[in-house]
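The structure displayed is predicted, hence computed values, not measured ones.
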Amino acid sequence: MIAIFICIAALAACKGEKNNYVINGAVSDDIWNGKTVYMSDCSEDIIIDSTEVVKGKFVFEGVAGEAKVIKLTLNHLSGELILENGNIEVDLSELYRVKGTPFNDGLDEFLQKKEELVVKAREELSNIDTSFSASEVEEMQNQIVNEVFLKMDELPISYIKKHPNDALGALLFYNWMQNRMERSAEKFFEVSGLVGEYVLNFGPVKQVVEFYKKAEKTAVGNPFVDFTVENGNKDNSSVSLSDYAGKGKYVLVDFWASWCQPCRMETPVIAEVYNKYKGDKFEVVSVAVWDKRENTLAAIEEDGSTWPQILDAQTAPAELYGIQGIPHIMLIGPDGTILARDLRGDDLKNKVAEVME
């Protein structure tokens with residue numbers, strides 16, 4: 001009798017393990033019937049399961065193990081959630097909702113509060129008195145937008161403090177990072193100091209931590225970081241940034257690409273300061289990143305750029321300097337110290353004039 005009881009208990013346990021989690025999903029449009037929903041591990045950025053939509057519904061079942069962040073994707077519809085033990089309900093429609101387990105209930109609460117902020121901001125924008133002047137209306141609009149961005153910055157932080165070292169905290173920290181990526185390294189490390197190793201080792205977070213470490217290392221006041229491009233000269237010979245920087249001249253370094261229209265728009269500005277100051281005390285070097293060599297050369301010819309160029313740099317320099325977008329123009333002092341970053345337009349001209357005159 002005892003043996004039979006043990007066998008029954010073992011079978012029940014096995015059956016429970018097989019149904020450790022169930023995700024019951026829904027979509028609002030019949031066009032998705034027969035289409036595939038993919039489940040991805042957000043930390044590893046790999047697809048781990050898939051299922052088909054039948055009559056507007058889909059189901060995932062399996063063993064959860066440690067709670068982790070996943071993403072469900074159906075064409076352009078997608079949403080993150082926490083894969084954990086229990087029955088999870090997901091509405092994968094335009095207004096994403098998820099609930100049913102502790103972490104996902106917390107996530108849904110957060111998403112609703114975030115949506116409330118957006119709705120309130122839209123209402124305030126629509127209620128602006130248009131009898132004011134255009135400049136006054138614009139000022140009021142900017143104030144509302146800035147305030148909602150500030151609140152959307154504060155909201156995930158309030159939840160992160162409650163979940164400093166778990167899957168929900170990892171997802172919310174990632175959400176916070178995506179809110180306004182132009183935040184300073186100082187602010188990033190301030191918030192990252194609130195979380196533990198689980199969050200910091202979450203794939204997307206780990207990548208951005210590395211980005212900010214590099215940005216911090218190459219911030220204004222630090223020495224430039226050298227790099228070498230084996231075929232970087234026009235004659236395919238090797239060239240390094242140190243061939244120009246740290247040699248006793250002020251060096252304006254322009255990270256750009258031929259396909260980048262804002263980069264090309266800065267070319268006349270760079271040409272102006274180059275023609276005015278070039279010589280024993282000032283140099284310009286442009287570094288082509290994320291570009292094809294033939295396209296870079298064609299753009300140089302088309303724009304009439306006459307200063308030194310480093311070709312085929314691709315991703316390495318941008319990664320070293322924590323650059324996410326181009327153009328990115330920085331000024332290096334005669335001793336190799338970075339004096340300014342992210343210069344453009346009049347700010348670029350004024351900064352060069354400041355050190356040269």
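For K99, the NZ atom is loosely surrounded, since the number of other residues' heavy atoms within 6.0 Å does not exceed 12. Other residues, nucleotides and ligands contribute only 12 or fewer heavy atoms inside 6.0 Å of the NZ atom of K71. Within a 6.0 Å sphere centred on CD of E139, heavy atoms belonging to other residues, nucleotides or ligands number 12 at most. The environment of E66 atom CD is sparse: at most 12 non-hydrogen atoms of other residues, nucleotides or ligands sit within 6.0 angstrom.
Summarising the geometry, atom CD belonging to E138 is positioned 7.0 Å from atom CD belonging to Q141; distances are rounded to the nearest 0.5 Å. How far NZ of K206 is from CD of E197: 9.5 Å, rounded to the nearest 0.5 Å. Within the model, atoms CG of N104 and CG of L81 stand 5.0 Å from one another, a figure rounded to the nearest 0.5 Å. L72 contributes atom CG, which lies 9.0 Å from atom CG of L83 (distance to the nearest 0.5 angstrom).
Through direct or relayed side-chain contacts under 4.5 Å between Ile, Leu, Val, Met, Phe, Trp and Tyr, L297 connects to W256, I300, L311. Taking Ile, Leu, Val, Met, Phe, Trp and Tyr as members and joining any whose side-chain heavy atoms lie under 4.5 Å apart, directly or through other members, Y198 forms no hydrophobic cluster with any other residue.
Grouping the Ile, Leu, Val, Met, Phe, Trp and Tyr side chains by contacts below 4.5 angstrom, directly or via other members, places F227 with I326. M356 and W307 fall within a single hydrophobic cluster, where Ile, Leu, Val, Met, Phe, Trp and Tyr are joined by side-chain heavy atoms under 4.5 Å apart, directly or via other members. Connection of V90 to I47 is not established within any shared hydrophobic cluster, with ILVMFWY side chains joined at heavy-atom distances below 4.5 Å, either directly or through further cluster members.
Comment: E123 does not engage K120 in a salt bridge, judged by the lack of any side-chain N to carboxylate O separation of less than 4.0 angstrom.
Pairing each heavy atom of A219 with each of R341, the nearest pair is N-NH1, 4.4 Å. Minimum interatomic distance between L241 and V225 (heavy atoms only, all atoms of both residues): CD2-O, 3.9 Å. Shortest non-hydrogen contact noted between F58 and V27 is CE2-CG1, 4.3 Å.
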Would you tabulate the side-chain donor-acceptor contacts of residues 274-284 under 3.5 Å, counting partners in other chains and residues two or more places apart, or write 'none'?
unit_1	atom_1	unit_2	atom_2	d
N275	ND2	A271	O	3.0
K276	NZ	E357	OE2	3.4
Y277	OH	E357	OE2	2.6

Side chains of residues 260-267: which donor-acceptor partners sit under 3.5 Å, not counting sequence neighbours?
unit_1	atom_1	unit_2	atom_2	d
R264	NE	D303	OD1	3.4
R264	NE	D303	OD2	2.6
R264	NH1	S258	O	2.9
R264	NH2	D303	OD1	3.1
E266	OE1	G345	N	3.0
T267	OG1	R264	O	3.3

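A donor-acceptor contact shorter than 3.5 Å is absent between the side chain of D153 and the backbone of F149. Of the possible donor and acceptor atoms, none in the side chain of N75 sits under 3.5 Å from a partner among the backbone N and O of L77. With hydrogens and angles ignored, the 3.5 Å screen pairs a side-chain donor or acceptor of S43 with a backbone N or O of G203. Side chain of W290 to main chain of A313: no donor-acceptor pair is present (N/O by atom type, distance under 3.5 Å, no hydrogens or angles). A distance-only check finds a donor-acceptor pair linking the side chain of N33 to the backbone of G56 [under 3.5 Å]. No donor-acceptor pair under 3.5 Å is formed between the side chain of R344 and the backbone N or O of V269. A donor-acceptor distance shorter than 3.5 angstrom exists from the side chain of N350 to the backbone of D346, with no hydrogens or angles considered. Side chain of Q314 to backbone of D291: a donor-acceptor contact under 3.5 angstrom is found. Within the 3.5 Å criterion, the main-chain N or O of R97 finds no donor-acceptor partner in the side chain of D91. Without hydrogens or angle criteria, N24 side chain to N87 main chain gives no donor-acceptor distance under 3.5 Å.
K113 is linked by a side chain to side chain contact (heavy atoms under 4.5 Å, CB included) to E109, E116, L155, Y159, counting only residues two or more places apart in sequence or in another chain.
Taking the six-membered ring where tryptophan is involved, the planes of F103 and H163 are perpendicular, since the angle between them exceeds 60° and thus also 30°. Below 30°, between 30° and 60°, or above 60°: for F189 and Y212 the angle between ring planes is above 60°, a perpendicular geometry. By the 30° and 60° cut-offs, the orientation of the rings of F173 relative to W176 is tilted.
No side-chain donor-acceptor contact under 3.5 Å links E52 and T36.
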Problem set entry | From CA spacing to verdict: side-chain contact (heavy atoms from CB on, under 4.5 Å), L200, V209 | CA-CA 8 Å; L200 294 177; V209 169; 4.2 Å; yes
Problem set entry | Criterion side chain to side chain donor-acceptor pair (under 3.5 Å) on Q112 and D108, from CA distance to verdict | CA-CA 6 Å; Q112 289 189 55; D108 196 61; 2.8 Å; yes
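Screening residues 231-251 for side-chain hydrogen bond (donor to acceptor under 3.5 Å, both in side chains), with sequence neighbours left out, gives D226-S242, T228-S240, N231-D312, N233-S237, D235-S237, N236-R293.
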